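Here the structure is laid out as structure tokens; the discussion comes afterwards.
Letters A, B, ... are given to chains in the order of the sequence lines, protein chains preceding strands, and every chain is numbered from 1. Because only heavy atoms are used, hydrogens play no part in the values below, and waters and symmetry mates are left out as well, while side chains stay in. From a predicted model like this one, the values you see are computed outputs, not experimental measurements.
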There are 2 protein chains.
Amino acid sequence: MSHTLGVRQAQKQKTRQALLDAALGLLEEQSLSSLGLREVTRVVGVAPTAFYRHFRDMGELGVALVEEALGSLHAMVRAILAEQAGAEERIDRTVEVVERHVREHPAHIRFVARERHGGVRAVRQAIAGELDRFAEEVAAALKTQPVSDGWRDDDVWMLAELYVDRLVTTAAALLDAEDGEPGEAERVVRVARRQLRLISIGRRHWMAAGGE
Amino acid sequence: MSHTLGVRQAQKQKTRQALLDAALGLLEEQSLSSLGLREVTRVVGVAPTAFYRHFRDMGELGVALVEEALGSLHAMVRAILAEQAGAEERIDRTVEVVERHVREHPAHIRFVARERHGGVRAVRQAIAGELDRFAEEVAAALKTQPVSDGWRDDDVWMLAELYVDRLVTTAAALLDAEDGEPGEAERVVRVARRQLRLISIGRRHWMAAGGE
DNA sequence: CACTTCAGAGGACAGTTGTTCACTGACACT
DNA sequence: AGTGTCAGTGAACAACTGTCCTCTGAAGTG
């Protein structure tokens, strides 16, 4: 027999997921600290008290959403960075991935952008932690590239932070662009590419310019 | 006789300011969309209905807070950019100003960081508009510098956006650092300086690298 | 002085919130 | 087959929300 996890647990996870989905939907037009427990359960079609079977409070649900939004991204990022392409192509590929991700999971991205500095401490910390993990991965990848020869470790890290932050900002800008004039999204993408290019140029001349 | 605004209007503005201050205080630990009108009036010590004499709703109060937080900054930014100092000193001066501003008006900065992507449309737009004005001023200043000779207008703008965004991010990072381990703030400042330096290097080599 | 204006008070309204408690009934385990 | 577990129910709770209405009294106006 295949280990079927039990009808019991399966149903539970189903409701749990329904709660997460409902919350994510409602969060498109408000922030977590104003989202009510009853509001969520009402959408799912379940009694308010059922919420407690899955999360202690809204903060806990928020943290779960953070994992859902950012957890799956690591593999993707690592794949891009591992590519042995030229700087220019890598930039294009990176921006493309961000663009696609925003288009496919807009609500998740919006949630992260909104709650990154939002009103719920636990969620803020979860996001910060996840972004730190990204920066770590980026830093590790940057370090293996020849351009980084002679760089101090903390300078590699500062560059990694710069990259990660730029991608997050670009993603957020793309969201804002979506419900604006058409063509605005393309402009954002074009600007993002050039900004990354400028950073890349600065990187190439960092040592020669006496980075310290 | 000096044109005394009238005791009436003076008192009104006083309560209005009290409402703004109280709201700003409460917003340190929650976001605007969860802030209640009664909550604010309670702190000030006035009847809930008095709120309506000053703002239609919380969104309107939020917009007023945006102006309070960002409006006064323009002169300061313009002053720094007008300085005819070397790139290195200008970076130091800029970071210093950001640092000081965060230390002197932490609540305002936190508010902007939080509501920049927050749940209230009107406030988001107000912040975006104000940041756009900043970018415009920065772009205008950059353009007068010799390093920008031959640059396309939209590339100057893309650089301006990069700078402004970096400053906003740095300010937010400084806030997070404040209620963390001591010494973290210094690290953030150091990183910010080096990131700006890297961007500055990229800028110097932009044309030679065939910025297009 | 009488007369208007209007910031703020205070009561009342219907709705909503999070949390508690005892409960049911289908699944899981022996 | 018998028994315990536990996801979800439904009623009740005190506390709170935004908004409406009428009222007051001090400041402004001539």
Assess whether atom [atom1] of [X] is packed by more than 12 heavy atoms of other residues, nucleotides or ligands within 6.0 Å.
X        : atom1 : value
B:Glu181 : CD    : no
B:Glu104 : CD    : yes
A:Gln9   : CD    : no
B:Glu29  : CD    : no
A:Glu83  : CD    : yes

Pairing residues for A:Gln195 by the side chain to side chain donor-acceptor pair (under 3.5 Å) criterion, not counting sequence neighbours =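 A:Gln195: side chain to side chain donor-acceptor pair (under 3.5 Å) contacts with A:Arg166.
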
By side chain to side chain donor-acceptor pair (under 3.5 Å) - contacts of B:Arg203 (at least two apart) |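 Testing B:Arg203 for side chain to side chain donor-acceptor pair (under 3.5 Å), a comparison that skips the adjacent residues, returns B:Gln145, B:Ser148.
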
Quick one: label B:Tyr52 by what it contacts on the DNA or RNA (base, sugar-phosphate, nothing), any heavy atom closer than 4.0 Å.
->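 Touches a base.
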
Would you list the protein and nucleotides 26-30 of chain D atom pairs, both N or O, that sit under 3.5 Å from each other?
unit_1: D:dA27; atom_1: O3'; unit_2: B:Arg8; atom_2: N; d: 3.4
unit_1: D:dG28; atom_1: OP1; unit_2: B:Val7; atom_2: N; d: 2.8
unit_1: D:dG28; atom_1: OP1; unit_2: B:Arg8; atom_2: N; d: 3.1

Please confirm whether the backbone N or O of A:Leu196 pairs with a side-chain atom of A:Ser200, one donor and one acceptor, at under 3.5 Å?
->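 A pair under 3.5 Å: no.
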
Can you check whether B:Glu28's main-chain N or O pairs, donor with acceptor, with B:Arg110's side chain at less than 3.5 Å?
->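 Between the backbone of B:Glu28 and the side chain of B:Arg110 there is no qualifying donor-acceptor contact (under 3.5 Å).
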
Can you pull the side-chain hydrogen bond (donor to acceptor under 3.5 Å, both in side chains) pairs that have at least one residue in residues 47-62 of chain A, sequence neighbours excluded?
->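 Output for this query is empty, none listed.
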
Any pair with a residue in residues 32-46 of chain B that passes side-chain hydrogen bond (donor to acceptor under 3.5 Å, both in side chains), sequence neighbours left out, goes on the list, sorted by first then second residue, please.
->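 Residue pairs with at least one partner in residues 32-46 of chain B: A:Ser31-B:Ser33, A:Ser33-B:Ser34, A:Ser34-B:Ser33, B:Gln30-B:Ser34, B:Gln30-B:Glu39.
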
Walking along DNA chain C from 5' to 3', note the first and the last nucleotide with an atom under 4.0 Å from a heavy atom of chain B, and give both.
->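 Contact boundaries, 5' end first: C:dT5 to C:dA12.
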
Find every protein N or O atom lying less than 3.5 Å from an N or O atom of nucleotides 12-17 of chain D, and list the pairs.
unit_1: D:dT17; atom_1: OP1; unit_2: B:Arg42; atom_2: NH2; d: 3.2
unit_1: D:dT17; atom_1: OP2; unit_2: B:Arg42; atom_2: NH2; d: 2.8

What's touching nucleotides 8-10 of chain D from the protein side, N or O pairs under 3.5 Å?
unit_1: D:dG8; atom_1: OP1; unit_2: A:Thr15; atom_2: OG1; d: 2.4
unit_1: D:dG8; atom_1: OP2; unit_2: A:His54; atom_2: NE2; d: 2.7
unit_1: D:dG8; atom_1: N7; unit_2: A:Arg53; atom_2: NE; d: 2.9
unit_1: D:dG8; atom_1: N7; unit_2: A:Arg53; atom_2: NH2; d: 3.3
unit_1: D:dG8; atom_1: O6; unit_2: A:Arg53; atom_2: NH2; d: 2.7
unit_1: D:dT9; atom_1: OP2; unit_2: A:Ala47; atom_2: N; d: 2.6
unit_1: D:dG10; atom_1: O6; unit_2: A:Thr49; atom_2: OG1; d: 3.2

Enumerate the residue pairs fulfilling ring-ring contact (aromatic ring centres under 6.0 Å, His included) with a member in residues 151-192 of chain A, sequence neighbours excluded, ordered by first and then second residue.
->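 Output for this query lists A:Trp151-A:Trp206.
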
Residue pairs involving residues 116-135 of chain B (criterion salt bridge (Lys or Arg N to Asp or Glu O under 4.0 Å); sequence neighbours excluded) |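 Of all non-adjacent pairs touching residues 116-135 of chain B, those that pass salt bridge (Lys or Arg N to Asp or Glu O under 4.0 Å) are B:Arg116-B:Asp165, B:Glu130-B:Arg133.
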
Basic-acidic side-chain contact under 4.0 Å: B:Lys143, B:Asp153 =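 Salt bridge present between B:Lys143 and B:Asp153.
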
Please list, chain by chain and in numerical order, all residues satisfying ring pair (Phe, Tyr, Trp, His ring centres under 6.0 Å) with B:His117, sequence neighbours excluded.
->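 Checked B:His117 against ring pair (Phe, Tyr, Trp, His ring centres under 6.0 Å); zero matches.
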
Stem list, DNA chain C (Watson-Crick or G-U pairing under 3.5 Å, at least 3 consecutive pairs) =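 Only these stems qualify: C:1-12 with D:19-30, C:14-17 with D:14-17, C:19-28 with D:3-12.
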
